[in-house]
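Working notes, beginning with the structure itself.
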Amino acid sequence: MRTPIIAGNWKMHNTMEQGTKLVKDLAALVKDAKATVVVCAPYTALQAATKAASGTNVHVGAQNVHWEEKGAFTGEISVPMLQEIGVEYVVIGHSERREYFGETDETVNKRVKAAIAGGIVPIMCCGESLETREAGTTNEFVGAQVEAGLAGLTAEQVSNLVIAYEPIWAIGTGKTATSDQANEVCAFIRGVVAKDFGKDAADKVRIQYGGSVKPATIAELMGKSDIDGALVGGASLKAEDFSQIVKF
Ligand code: G3H
């Protein structure tokens, strides 16, 4: 009953020209995709991406957003700025932002609330380090991130957003979590949503796995009960590879 959602996170890749070409090439390859297809472009390529995606089944997302509508926040971008160019999704709380740019559970929560208020769907990221996994505290850690990120939302709001589970040790390392490891945490996250927001929200919320997803690994991941899609980094930079993932 949940429509799969596959999102490409370009990270700090692709100029306007490169992004336009990638979206056009991708759109031609994924016309018949059953999954929702999203590309999350850097700010400078967002407008080019929405233009290239217009009239196709490719949707465009940003990689971050500030919670205030406007003001003295040098270097930040607001929800109305994204709305103006037709952005429909936004990645929030990616581990790279948490690790390098001081993102916290509290700021993740503020960004999630602002995105929802502006009609932009958050793709809220969570995930543990290798240290946490080896200490055997993955569920506690991820559960706390999810609860803090979703704090104060209604069940309906939670039903409509996307959670991306990305174990940090699997990002860009070529080391994918096994499908069972990934599904175990995604199922745990769904349980946290059920406890806090009810079964209906838990049944509806879409949970992605992210971390070195490749054309060769997507089918097995998507065959699991609680994995509803993927957040793809490196393999989303080539139209052919990403289209194969989208069409798993
Ligand atoms: O947002 C995407 C993730 O960080 C995964 O990146 O597919 O290059 O490992 P990756």
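Both ligands and their constituent atoms are indexed starting at 1 by order of listing.
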What pairs meet the salt bridge (charged side-chain N to carboxylate O under 4.0 Å, His left out) rule with one or both residues in residues 26-39, with sequence neighbours excluded? none
Side chain, backbone, both or neither: which applies to Ile171 and ligand 1 if a contact is any heavy-atom pair less than 4.0 Å apart? both
Gly172: numbered ligand 1 atoms lying under 4.0 Å from its heavy atoms: 8 (O), 9 (O), 10 (P)
Would you say CD of Gln47 has more than 12 non-hydrogen atoms from neighbouring residues, nucleotides or ligands within 6.0 angstrom? no
List ligand 1 atoms under 4.0 Å from Gly211, heavy atoms only on the residue side. 5 (C), 9 (O)
Minimum-distance protein heavy atom relative to atom 2 (C) of ligand 1: Glu166 OE2, 3.1 Å
For ligand 1, indicate whether the residue Ala170 contacts it via side chain, backbone, both or neither (heavy-atom separation under 4.0 Å). backbone
Ligand-residue contact atoms, ligand 1 with Gly234, heavy atoms, under 4.0 Å: 7 (O), 8 (O), 10 (P)
Is it true that Asp25 and Lys238 make a salt bridge, defined as a side-chain N closer than 4.0 Å to a carboxylate O? no
Look at atom 7 (O) of ligand 1 and find which of Ala230, Gly210, Gly233 reaches it with the closest heavy atom. Gly233
Check this for me: does any side-chain nitrogen of one of Lys224 and Asp180 sit under 4.0 Å from a carboxylate oxygen of the other? yes
Heavy-atom count around Glu69 CD within 6.0 Å, excluding the residue itself: above 12? no
Considering only heavy atoms of Ser212, which atoms of ligand 1 have at least one such atom less than 4.0 Å away? 7 (O), 9 (O), 10 (P)
Between Thr173 and ligand 1, does any nitrogen or oxygen pair lie at a separation below 3.5 Å? no
Would you give me the side-chain donor-acceptor pairs under 3.5 Å for residues 136-149, sequence neighbours excluded?
{"from": "Thr137", "atom 1": "OG1", "to": "Thr132", "atom 2": "O", "distance (Å)": "3.4"}
{"from": "Gln145", "atom 1": "OE1", "to": "Gly127", "atom 2": "N", "distance (Å)": "2.8"}
{"from": "Glu147", "atom 1": "OE2", "to": "Lys195", "atom 2": "NZ", "distance (Å)": "2.9"}

Quick check on Lys11: does its NZ atom have over 12 non-hydrogen neighbours (other residues, nucleotides or ligands) under 6.0 Å away? yes
Please check whether Lys11 reaches ligand 1 - meaning an N/O of the residue sits under 3.5 Å from an N/O of the ligand, judged on distance alone. yes
